Peer 1: 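Below are the structure tokens for one structure; questions will follow.
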Amino acid sequence: MLTSGIIREKRDFVIEKLKVKNFDATEITAKIIETDTRRRDIQVRADSLMSEMNRISKVIGKLYAENKKAEADAARARTGELKEEIKELSLKRAEAEDLLNELLVQLPNLPHESVKPGKGENENETIREGGKMPAMSEDALPHWDLIKRYDIIDIELGNKLTGAGFPVYKGKGARLQRALINFFLDEGEKAGFSEILPPVLVNEESGFGTGQLPDKEGQMYHVTEDNLYLIPTAEVPITNIYRDVILEEEQLPVMNMGYTQCFRREAGSWGAHVRGLNRLHQFDKVEIVVISHPSKSYETLDMMLKHVEHLVNLLELPYRVLRLCGGDISFTSALTYDFEVWSAGQKRWLEVSSVSNFESFQSNRLKCRYRDKETKQNQLVHTLNGSALALPRIVAALLENNQTPRGIRVPAALIPYTGFDIID
RNA sequence: GGAGAAAUGGCAGAGUGGUCGAAUGCGGCGGUCUUGAAAACCGUUGAUCGUUUACGCGGUCCGGGGGUUCGAAUCCCUCUUUCUCCGCCA
């Protein structure tokens with residue numbers, strides 16, 4: 001969330017910026033400023049009352065020590081009234097604080113200056129393309145046919161065991177998953193990321209820290225019995241490691257990555273675009289998460305982009321990189337690049353990675369700061385994350401783009417991991 | 001799941017109702033000494049909210065929440081976590 005400070009000091013700027021995200025902040029920022037002012041006013045009054053109370057208490061203590069009971073009792077006369085007032089003010093302050101938080105949480109992050117306005121995904125801007133388009137005949141099969149032909153991923157069986165969106169990987173299909181996970185982790189390590197294997201269930205605080213709660217509650221599976229949530233991405237546990245943490249400046253950047261299974265309810269998503277592996281309730285993903293010095297976070301974003309590009313290149317997939325426009329970028333992000341790979345069977349682009357800089361939007365919620373060497377002040381860090389990569393659509397594209405009459409060719413970089421060079 | 005013990009600053013560890021934000025040690029930072037370093041010695045060293053042009057000043061925080069009291073790290077309730085013992089278990 002944004003800080004109340006920036007809204008107080010640069011309200012017009014905030015309103016202007018949020019227009020890029022098609023968000024009208026006029027009314028809510030006014031409420032925020034009003035609530036914030038009220039909160040501070042209450043605190044000033046409460047503080048001075050408490051100060052007086054402390055003073056009187058000390059005097060009483062001294063009087064008792066000197067055995068001056070009568071004077072002590074006289075001093076106590078006023079305390080009841082003070083106590084009453086303090087109680088009342090604290091309640092009001094808590095109320096104002098809660099309301100302020102409620103309001104702040106509703107404001108999206110400010111978009112970076114390079115983000116252009118736009119209604120939706122059609123207005124995203126392609127900033128880079130790479131890879132070679134596969135030479136395919138018109139009748140290239142979509143992956144949902146290929147997985148059946150080679151019996152490597154079983155959607156129906158997943159239906160039997162669990163329900164729609166929970167496929168079962170078998171034989172070379174299972175091995176391919178394992179190969180991709182190890183490949184991504186090994187490449188991540190080479191790029192300087194430390195591996196984390198976090199829990200896939202998190203508590204409410206974590207959900208709030210990264211912004212899934214309270215607004216996007218329906219996205220996550222909720223284990224009500226224990227009030228835990230199945231993670232929709234490794235971003236949640238890995239970023240929350242740094243909740244309430246103050247880092248030393250020289251520790252930055254903190255570069256972590258983790259493989260986890262991811263769980264998404266995706267309530268209400270149906271249609272042709274979600275067929276096969278295109279959208280699942282459970283899938284595998286390696287996520288990279290970086291905590292960066294605020295002045296370096298856009299360099300960090302570029303570094304992460306290069307890493308993802310490197311992965312896609314090694315997998316020999318044709319890709320393009322999009323800079324999301326204001327209408328498509330997420331609530332929490334300041335700047336997001338999407339990676340899409342071409343799928344020859346479906347003849348369309350599939351999103352396989354989303355790399356974002358959240359600036360201090362997440363860290364403000366997380367209270368993750370670093371101690372500035374020069375000023376000795378604690379400052380909010382910038383957080384970034386990206387998929388590197390999400391498996392299902394990568395698998396879909398690999399299968400579709402590499403289909404041959406003899407079977408499905410495995411890209412060279414993966415063969416050491418799969419142990420086979422063809423799926424047949 | 002049952003019984004007991006505990007939770008204090010970066011770490012270790014005192015403190016059981018009145019200048020306690022908290023002794024002491026270690027660590028960190030600054031300094032003296034030294035050609036340099038070590039040792040020794042001296043000083044300093046938490047977070048957070050508010051206020052102030054500023055120097056400052058005030059409030060809150062001793063696992064979380066609530067309570068008793070003029071006053072709580074200290075007493076009471078509750079939750080969480082850790083340790084020990086028992087049970088169960090991959």
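In the text below, chain A, chain B and the rest are named by the order of the sequence lines, each starting its count at 1. Just so you know, these numbers come straight off a predicted model, no measurement behind them.
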Peer 1: Tell me whether the side-chain N/O atoms of A/Arg40 come closer than 4.0 Å to OP1 or OP2 in B/C49.
Peer 2: no
Peer 1: Is a salt bridge present between A/Glu156 and A/Lys160, judged by a nitrogen-to-oxygen distance below 4.0 Å?
Peer 2: no
Peer 1: Base, sugar-phosphate alone, or nothing: which one does A/Thr79 contact when heavy atoms must sit under 4.0 Å apart?
Peer 2: sugar-phosphate
Peer 1: So, does the side chain of A/Asp47 form a donor-acceptor pair with the base of B/G58 at under 3.5 Å?
Peer 2: yes
Peer 1: Which of the following nucleotides, B/A47, B/C70, B/G50, is nearest to the side chain of A/Arg8?
Peer 2: B/G50
Peer 1: Nearest of B/U48, B/C70, B/G58 to any side-chain atom of A/Arg76?
Peer 2: B/C70
Peer 1: Would you please name every residue forming a ring pair (Phe, Tyr, Trp, His ring centres under 6.0 Å) with A/Phe184, sequence neighbours left out?
Peer 2: none
Peer 1: Nearest whole Å is fine: how far is B/U60 P from A/Met53 CE?
Peer 2: 11 Å
Peer 1: Take atom P in B/U8 and the same atom in B/C75, then report the distance between them in whole Å.
Peer 2: 15 Å
Peer 1: Would one find a side-chain N or O of A/Asn378 under 4.0 angstrom from OP1 or OP2 of B/U48?
Peer 2: yes
Peer 1: Rounded to the nearest Å, what distance is computed from the CD atom of residue A/Glu205 to the P atom of nucleotide B/G63?
Peer 2: 18 Å
Peer 1: Indicate, with a heavy-atom threshold strictly under 4.0 Å, whether A/Ile60 touches base, sugar-phosphate, or nothing.
Peer 2: base
Peer 1: Could you check which of B/G18, B/U51, B/G59 has an atom nearest any side-chain atom of A/Val44?
Peer 2: B/U51
Peer 1: Out of B/C49, B/G59, B/G71, which has the shortest distance to the side chain of A/Asn54?
Peer 2: B/G59
Peer 1: Just checking, A/Arg365 and A/Phe208: is the charged tip under 6.0 Å from the six-membered ring centre and within 45° of the axis?
Peer 2: yes
Peer 1: Name the pairing partner of B/G17, where a pair is Watson-Crick or G-U wobble with both distances under 3.5 Å, or state none.
Peer 2: none
Peer 1: Scan every strand shown for a Watson-Crick or G-U wobble partner of B/A72, both distances under 3.5 Å, and answer none if you come up empty.
Peer 2: none
Peer 1: Establish, from distance only, whether the side-chain atoms of A/Asn378 and A/Tyr370 form a donor-acceptor pair under 3.5 Å.
Peer 2: no
Peer 1: Should A/Glu400 and A/Pro142 count as side-chain neighbours, where that means a heavy-atom distance under 4.5 Å?
Peer 2: yes
Peer 1: Grab the CG-C1' distance between A/Leu89 and B/C49 for me, whole Å please.
Peer 2: 15 Å
Peer 1: According to the Watson-Crick and G-U wobble definitions, with both distances under 3.5 Å, which nucleotide is paired to B/G9?
Peer 2: none
Peer 1: Expressed as a whole number of angstroms, how long is the span from A/Glu81:CD to B/C70:C1'?
Peer 2: 14 Å
Peer 1: Within this structure, what is the CZ-to-C1' distance between A/Arg243 and B/G64, rounded to whole angstrom?
Peer 2: 13 Å
Peer 1: Expressed in whole Å, how much space separates the P atoms belonging to B/C79 and B/G4?
Peer 2: 14 Å
Peer 1: Counting only side-chain heavy atoms from C-beta out, which of B/U69, B/G50, B/G46 sits nearest to A/Arg371?
Peer 2: B/G46
Peer 1: Go through B/G58, B/G50, B/U60 for me and flag the one nearest to the A/Arg39 side chain.
Peer 2: B/G50
Peer 1: Hey, does the side chain of A/Lys83 come within less than 4.0 Å of B/G71's phosphate (OP1/OP2), counting only N and O?
Peer 2: yes
Peer 1: Can you identify which nucleotide, out of B/A47, B/U60, B/C70, has its nearest atom closest to the A/Met50 side chain?
Peer 2: B/U60
Peer 1: Measure centre to centre between the rings of A/His281 and A/Phe263, then say whether the value is under 6.0 Å.
Peer 2: no
Peer 1: Report the base-pairing partner of B/C55 (Watson-Crick or G-U wobble, both distances below 3.5 angstrom), or none.
Peer 2: none
Peer 1: Is there a Watson-Crick or G-U wobble partner for B/G43 with both distances under 3.5 Å, and if so, which one is it?
Peer 2: B/C29
Peer 1: Which whole-number value in Å describes the distance from A/Leu100 CG to B/C49 P?
Peer 2: 13 Å
Peer 1: Using whole Å, report how far CD1 of A/Ile42 lies from P of B/C49.
Peer 2: 17 Å
Peer 1: Can you measure A/Lys58 atom NZ to B/G17 atom C1' for me and round it to whole angstrom units?
Peer 2: 15 Å
Peer 1: Tell me what A/Arg55 touches on the nucleic acid: a base, only sugar-phosphate, or nothing, going by heavy atoms under 4.0 Å.
Peer 2: nothing
Peer 1: Would you please indicate yes or no on a ring centroid separation below 6.0 angstrom for A/Tyr298 and A/His112?
Peer 2: yes
Peer 1: Taking pairing as Watson-Crick or G-U wobble with both contacts under 3.5 Å, can you name the mate of B/A3, or confirm there isn't one?
Peer 2: B/U84
Peer 1: With respect to the phosphate group of B/U48, does any side-chain polar atom (N or O) of A/Arg369 fall under 4.0 Å of OP1 or OP2?
Peer 2: yes
Peer 1: Using Watson-Crick or G-U wobble geometry with both distances under 3.5 Å, which nucleotide pairs with B/U34?
Peer 2: none
